[in-house]
Engineer: 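The structure under discussion is supplied below as structure tokens; questions concerning it will follow.
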Number of protein chains: 2
Amino acid sequence: MTELSRFKADFFRALAHPLRIRIVDELRSGELTVQELGFRLGAEQSTVSRHLAVLRGRGILNARKEGQTVRYSAADATLFRLLDVARTMFNHQLSELQSTLADLKHGNSR
Amino acid sequence: MTELSRFKADFFRALAHPLRIRIVDELRSGELTVQELGFRLGAEQSTVSRHLAVLRGRGILNARKEGQTVRYSAADATLFRLLDVARTMFNHQLSELQSTLADLKHGNSR
DNA sequence: TTGCCATATTCACATATAAGAATATGGTAA
DNA sequence: TTACCATATTCTTATATGTGAATATGGCAA
């Protein structure tokens, strides 16, 4: 069971960077080259390439060589489901925060 | 949109450690004290406490003081759904790997 | 008060991760 | 061959994260 927890931790660490999250989000609509990603995200070529290597290394992305370019895509559409669940948690936290603020405003603190 | 990607990245980073994954898994069945977690996971008191602080700091866990102990629990059950989706991806990767190995065995490499 | 108990925090140090710049690789085109 | 082109890797340096040991905090118990 410790093996699975290590896998999950490594997997989450691969996603633990804003640029990598944005890369994955860009790939929702299909494959893109390193160049295209760099342009859309406004990031250095070497930076994008290294982050792509992290994601590919964890089996999160696939790379397909086509001529002199490489097209990256999500290896498993379940990834997007995962990000959607994360967004749900984000929304929950937001409403939590909102009601906490409302409580404070009405003096019902702690 | 960059704000959400930062939130997601921070959220995933909070989960990006085997011990923290195991902590969250232990909390599936309800709240536990720092001691209980330390015992179940075979980890140092200060180590457990610091990891709990990381998870609480991201709003992933709640802490409830009761007498001289503190009981930790998941702040949002959606968390478990997220971990289950991660397990699904793990299974997909495993079967992918399996068929790759089978292909190699039959000499259909690359 | 004094002494424990559960938890949190700090310390010292080691390892990991990040960035941009520079360079390497490998393939296509002239 | 020579010259690009897209991508990958390496280098240097900075910052973040991890650990166990030690110490601090805050409350209950004698």
Side-chain angles (χ1 to χ4, degrees), chain A residues 2 5-24 26-27 30-75 110, chain B residues 2 5-24 26-27 30-75 110:
Chain A
T2 242
S5 68
R6 195 185 316 275
F7 165 80
K8 284 184 183 170
D10 285 345
F11 173 78
F12 287 132
R13 180 155 352 115
L15 293 175
H17 194 285
L19 197 65
R20 292 198 289 267
I21 295 288
R22 292 173 65 203
I23 286 175
V24 171
E26 290 290 342
L27 294 177
E31 27 173 50
L32 290 173
T33 67
V34 180
Q35 273 200 125
E36 290 166 336
L37 284 166
F39 178 73
R40 293 180 185 215
L41 304 176
E44 290 284 328
Q45 183 268 328
S46 81
T47 298
V48 173
S49 182
R50 272 183 291 104
H51 285 299
L52 286 169
V54 170
L55 291 166
R56 190 186 39 188
R58 293 294 174 212
I60 295 174
L61 298 186
N62 282 334
R64 190 171 64 85
K65 217 160 270 177
E66 184 179 292
Q68 58 269 63
T69 71
V70 178
R71 299 187 179 277
Y72 281 86
S73 58
R110 194 92 350 242
Chain B
T2 240
S5 67
R6 195 184 317 273
F7 166 81
K8 284 184 184 171
D10 285 345
F11 173 78
F12 287 133
R13 179 152 355 111
L15 293 175
H17 194 285
L19 198 64
R20 294 200 286 268
I21 295 289
R22 292 173 65 203
I23 285 174
V24 170
E26 290 290 342
L27 294 177
E31 24 174 53
L32 290 173
T33 67
V34 181
Q35 271 198 126
E36 289 166 336
L37 283 166
F39 178 73
R40 292 180 186 217
L41 304 176
E44 289 285 327
Q45 184 270 328
S46 80
T47 299
V48 173
S49 181
R50 273 182 290 104
H51 284 300
L52 285 169
V54 170
L55 291 166
R56 190 186 38 187
R58 292 294 174 213
I60 295 174
L61 298 187
N62 281 334
R64 189 170 65 84
K65 217 160 270 177
E66 185 179 290
Q68 58 271 61
T69 71
V70 177
R71 297 185 180 279
Y72 281 86
S73 58
R110 193 102 341 249

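In what follows, chains carry the letters A, B, and so on, assigned in the order in which the sequence lines appear, proteins first and then strands, with residues in each chain numbered from 1. Remember, it's a predicted structure, so these values are computed and weren't measured experimentally.
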Engineer: Indicate, yes or no, whether a donor-acceptor pair under 3.5 Å links the base of C/dA6 to the side chain of B/Q45.
Structural biologist: no
Engineer: CG of B/L32 versus P of C/dA6: gap in Å, rounded?
Structural biologist: 15 Å
Engineer: When all nucleic acid strands are considered with a 4.0 Å heavy-atom cut-off, which category describes B/T69: base, sugar-phosphate, or nothing?
Structural biologist: sugar-phosphate
Engineer: Between D/dA6 atom P and A/R64 atom CZ, what is the distance in whole Å?
Structural biologist: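 These atoms are roughly 17 Å apart.
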Engineer: Quick check for you: among C/dA8, D/dG20, D/dT7, whose closest atom lies nearest to any side-chain atom of B/T47?
Structural biologist: D/dG20
Engineer: CZ/A/R71 to CG/A/N62 distance, rounded to the nearest 0.5 angstrom?
Structural biologist: 14.5 Å
Engineer: Would you say the side chain of B/L41 lies within less than 4.5 Å of the side chain of B/I23, judging by non-hydrogen atoms?
Structural biologist: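 Yes, close enough: below the 4.5 Å cut-off.
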Engineer: For C/dA21, does OP1 or OP2 lie under 4.0 Å from any side-chain N or O of A/R50?
Structural biologist: no
Engineer: Which atom names give the shortest non-hydrogen contact between B/A75 and B/G59, and what distance separates them?
Structural biologist: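 Heavy atoms of B/A75 and B/G59 come nearest at CB-O, 3.3 Å.
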Engineer: Please determine whether a side-chain nitrogen or oxygen atom of A/Y72 lies at a distance below 4.0 Å from atom OP1 or OP2 of D/dA8.
Structural biologist: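 Yes, such a contact exists.
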Engineer: Hey, does B/R56 reach any base, or is it just sugar-phosphate, or nothing, if we go heavy atoms under 4.0 Å?
Structural biologist: sugar-phosphate
Engineer: Kindly say if B/H51 contacts the phosphate of D/dG18, meaning a side-chain N or O under 4.0 Å from OP1 or OP2.
Structural biologist: no
Engineer: Closest approach to the side chain of A/T33, judged atom by atom: which nucleotide of D/dT7, C/dT9, C/dT7 is it?
Structural biologist: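 Among the listed nucleotides, the one closest to the side chain of A/T33 is D/dT7.
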Engineer: I want to verify a distance call: between C/dA8, D/dT7, D/dT9, whose nearest atom is closest to the A/S46 side chain?
Structural biologist: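 That would be D/dT9.
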Engineer: Which residue, B/R56, B/R22, B/R20, forms the side chain to side chain donor-acceptor pair (under 3.5 Å) with B/H51?
Structural biologist: B/R20
Engineer: If you compare every side-chain N and O of A/S49 against the phosphate oxygens of D/dT7 (OP1, OP2), does one of them come in below 4.0 Å?
Structural biologist: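 Indeed not, no polar side-chain atom of A/S49 lies that close.
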Engineer: Round to a whole Å and report the spacing from CG of B/L52 to P of C/dA8.
Structural biologist: 7 Å
Engineer: For A/Q68 and A/E44, take the nucleotide of DNA chain C holding the closest heavy atom to each; which residue's nucleotide lies nearer the 5' end?
Structural biologist: A/E44
Engineer: Rounded to the nearest Å, what distance is computed from the CZ atom of residue B/R71 to the P atom of nucleotide C/dA8?
Structural biologist: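 That distance rounds to 13 Å.
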Engineer: Output the rounded distance in Å from CD (B/E31) to P (C/dT7).
Structural biologist: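 My rounded result for the distance is 12 Å.
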Engineer: What is the distance, rounded to the nearest whole Å, between atom CG of A/L15 and atom P of C/dA18?
Structural biologist: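 After rounding, the gap between these two atoms is 12 Å.
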Engineer: With a non-hydrogen cut-off below 4.0 angstrom, is A/R13 in contact with a base, only sugar-phosphate, or nothing?
Structural biologist: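 Sugar-phosphate, backbone atoms only, no base.
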Engineer: Return the minimal non-hydrogen interatomic distance between B/A9 and A/P18, and the atom names on each side.
Structural biologist: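 B/A9 and A/P18 have their closest heavy atoms at CB-N, 3.4 Å.
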Engineer: In whole Å, what is the span from the NE2 atom of B/H17 to the P atom of C/dT15?
Structural biologist: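 Taking atom P of C/dT15 as the reference, NE2 of B/H17 is at 15 Å.
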Engineer: How many Å lie between CG on B/L19 and C1' on D/dT19, as a whole number?
Structural biologist: 11 Å
